[in-house]
Number of protein chains: 2
Amino acid sequence: MARLTTFAVAVDVALLTVRDGVLQLLLVEPDARGYQGALALPGGRVLDDENLDQAASRFLRDVAGVRDPEHVEQLRTYGEPERDPRARAVSVAYLALTPAPAHPPGDGERGARYVAMADVTSGVVVLAFDHDRIVPDAVERARGKLEYRPLATAFVEEPFTLAELRGVYEAVWGVALDPANFRRKVIGSPGFVVPTGDKAAPGSGGGRPATLYRRGPAARLHPAMLQPSREG
Amino acid sequence: MARLTTFAVAVDVALLTVRDGVLQLLLVEPDARGYQGALALPGGRVLDDENLDQAASRFLRDVAGVRDPEHVEQLRTYGEPERDPRARAVSVAYLALTPAPAHPPGDGERGARYVAMADVTSGVVVLAFDHDRIVPDAVERARGKLEYRPLATAFVEEPFTLAELRGVYEAVWGVALDPANFRRKVIGSPGFVVPTGDKAAPGSGGGRPATLYRRGPAARLHPAMLQPSREG
DNA sequence: TCAATAGTGTCTTTTAGACATTATATG
DNA sequence: CATATAATGTCTAAAAGACACTATTGA
């Protein structure tokens with residue numbers, strides 16, 4: 001018989017970064033038995049005096065050791081009746097973006113580590129719970145939103161070069177982009193990036209020094225940075 | 001002291017339609033005391049054996065009398081600690097789209113009625129609970145998604161003319177569109193609409209009969225139907 | 001006939017993309 | 001010098017937008 005119940009409410013965070021030229025996902029050891037060998041998104045139950053965004057930030061900080069992600073947004077809520085056999089539960093999923101950290105993250109809490117998204121997609125890494133439903137949604141959201149919001153800058157540390165920014169698009173979209181046309185589009189999108197006036201030192205192999213930029217004030221990109229060839 | 005709690009989980013549905021050339025929102029009488037004169041989105045608590053989508057459909061049907069919306073999607077989840085003074089609660093908001101009904105909806109349940117979105121935005125209609133936070137998010141989602149998904153067809157009954165479809169974009173975006181260029185863009189977006197082979201009878205004032213179309217198979221629009229002048 | 005609405009043609013501007021060329025660094 | 005990377009220039013094609021023009025109806 002159908003009745004009203006109360007629910008356990010959790011948040012789960014898909015934190016993406018671009019490292020070594022590929023999209024990576026932060027995963028931790030699941031805290032539940034029955035998932036040996038699997039990894040999970042950082043997350044857990046919401047406390048009674050915090051809102052959902054605060055819960056997401058708390059788990060990023062305490063479970064994953066990430067203190068200041070450049071971008072956090074709500075993704076969607078998963079609430080199948082059979083999600084959790086112990087009690088009726090819903091999970092509010094979040095998408096977070098951060099620059100590639102210099103050191104692997106974590107103060108060791110629950111073995112936080114970055115995993116290449118390709119390994120998750122291909123099944124080399126197995127996800128616990130229903131997190132294999134959340135992750136594709138997170139990737140799709142990130143791919144789409146890079147087109148019309150200046151989100152790519154959340155993946156790079158300031159100041160950054162346009163080659164670094166291009167590397168973000170290439171890693172998230174999985175395509176190669178023409179450097180010349182990419183530059184024109186970024187510069188031609190007002191408020192996307194602003195030059196610092198400095199230049200980066202070339203690598204050991206030489207090369208002309210790259211102009212350095214920081215994040216601009218724009219909230220949307222005009223014109224948009226469209227993905228090539230979504231043709232049908 | 002912060003503790004774990006269970007939550008009351010509700011869904012609230014922002015059902016949009018285009019009627020008389022303007023964007024309208026379905027509202028009902030709130031079921032809680034303390035909101036005299038205010039109206040609310042249809043919604044309520046999720047049962048223990050249904051998922052979130054099912055709950056949204058149930059409230060559309062039972063509370064609002066809408067049986068077959070053309071489009072339903074999850075919007076986002078609102079979970080401030082003070083949302084509901086009686087208990088910790090979260091609300092999963094949904095966006096739904098439907099063609100303008102011939103008759104005002106409802107079998108009278110909780111006084112379901114369509115209200116012009118302009119009256120909601122301007123404050124002529126007062127919303128109960130935190131529904132004044134949900135509605136702007138719903139409108140923004142609809143406006144944006146009309147650009148790259150064939151969602152506009154969810155607002156019209158099949159078969160439809162291109163003038164009717166254009167009226168949807170004009171009502172949702174609040175701008176006038178050039179009929180000639182609009183036509184070319186719709187026809188040039190493969191799978192957006194398909195002609196039925198029939199023509200509509202002109203109105204009483206005459207005019208060339210319009211070609212009739214139905215919804216096409218495309219899931220995305222290529223190229224997109226971009227809103228004019230989002231310039232800064 | 002005229003008024004009304006649907007549909008086509010044409011021209012200009014903007015944007016996207018391919019790709020050659022120039023600029024400035026290291027070794 | 002050669003090599004590497006950044007930045008600019010040029011050309012073509014695709015798309016957006018303004019707007020004149022033609023087509024088919026009712027009165």
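In what follows, chains carry the letters A, B, and so on, assigned in the order in which the sequence lines appear, proteins first and then strands, with residues in each chain numbered from 1.
Counting non-hydrogen atoms under 4.0 angstrom, A/Ala224 reaches the backbone sugars and phosphates but no base.
B/Asp198 places its CG atom 17 Å from the P atom of D/dT24, with the value rounded to the nearest Å. Regarding B/Leu162, its CG atom lies at a distance of 16 Å from the P atom of C/dT5, rounded to whole Å. For A/Lys199 and C/dT24, the NZ to P distance is 9 Å, given to the nearest whole Å. Atom pair A/Tyr169:OH and C/dA16:C1' shows a separation of 15 Å (rounding to whole Å applied). Nucleotide D/dT5 holds its P atom 18 Å from the CG atom of A/Leu165, rounded to whole Å. Atom CD in A/Glu147 sits about 16 Å away from atom P in C/dT15, given to the nearest Å. Rounded to whole Å, atom P of C/dT15 lies 20 Å from atom CD of A/Gln227. Rounding to whole angstrom units, CZ of residue A/Arg166 and P of D/dA7 are separated by 10 Å.
Nearest-nucleotide assignment on DNA chain D puts the 5′-proximal partner with A/Gly207, out of A/Gly207 and B/Pro202.
Residues of residues 208-217 of chain A having a heavy atom closer than 4.0 Å to DNA chain C, listed by number: A/Arg208, A/Pro209. Taking a 4.0 Å limit (strictly below) on heavy-atom distances, residues 175-186 of chain A reaches DNA chain D at A/Ala180, A/Arg183, A/Arg184.
For the salt bridge (charged side-chain N to carboxylate O under 4.0 Å, His left out) condition, the pairs that include at least one residue of residues 116-140 of chain B, sequence neighbours left out, are A/Arg149-B/Glu140, B/Arg83-B/Asp130. Evaluation of the salt bridge (charged side-chain N to carboxylate O under 4.0 Å, His left out) test over residues 165-176 of chain A, restricted to residues two or more places apart or in two chains, returns A/Arg166-A/Glu170. The salt bridge (charged side-chain N to carboxylate O under 4.0 Å, His left out) contacts involving residues 185-209 of chain A comprise nothing, where partners must be two or more places apart or lie in separate chains. Residue pairs meeting the ring pair (Phe, Tyr, Trp, His ring centres under 6.0 Å) criterion with at least one member in residues 174-209 of chain B, sequence neighbours excluded, are B/Tyr169-B/Phe182.
Between B/Pro101 and B/Thr17, the shortest heavy-atom distance links the atoms CD-OG1, 4.4 Å. Residues B/Gln74 and A/Thr77 approach most closely at NE2-N, 2.6 Å, considering heavy atoms. Heavy-atom minimum distance, A/Pro195 versus A/Thr211: CB-CG2, 4.4 Å. Taking every heavy atom of both residues into account, B/Gln227 and B/Arg143 meet most closely at NE2-O, 3.6 Å.
Because its NZ or CZ atom is not both nearer than 6.0 Å to the ring centre of A/Tyr213 and within 45° of the ring axis, A/Arg215 does not count as a cation-pi partner of that residue.
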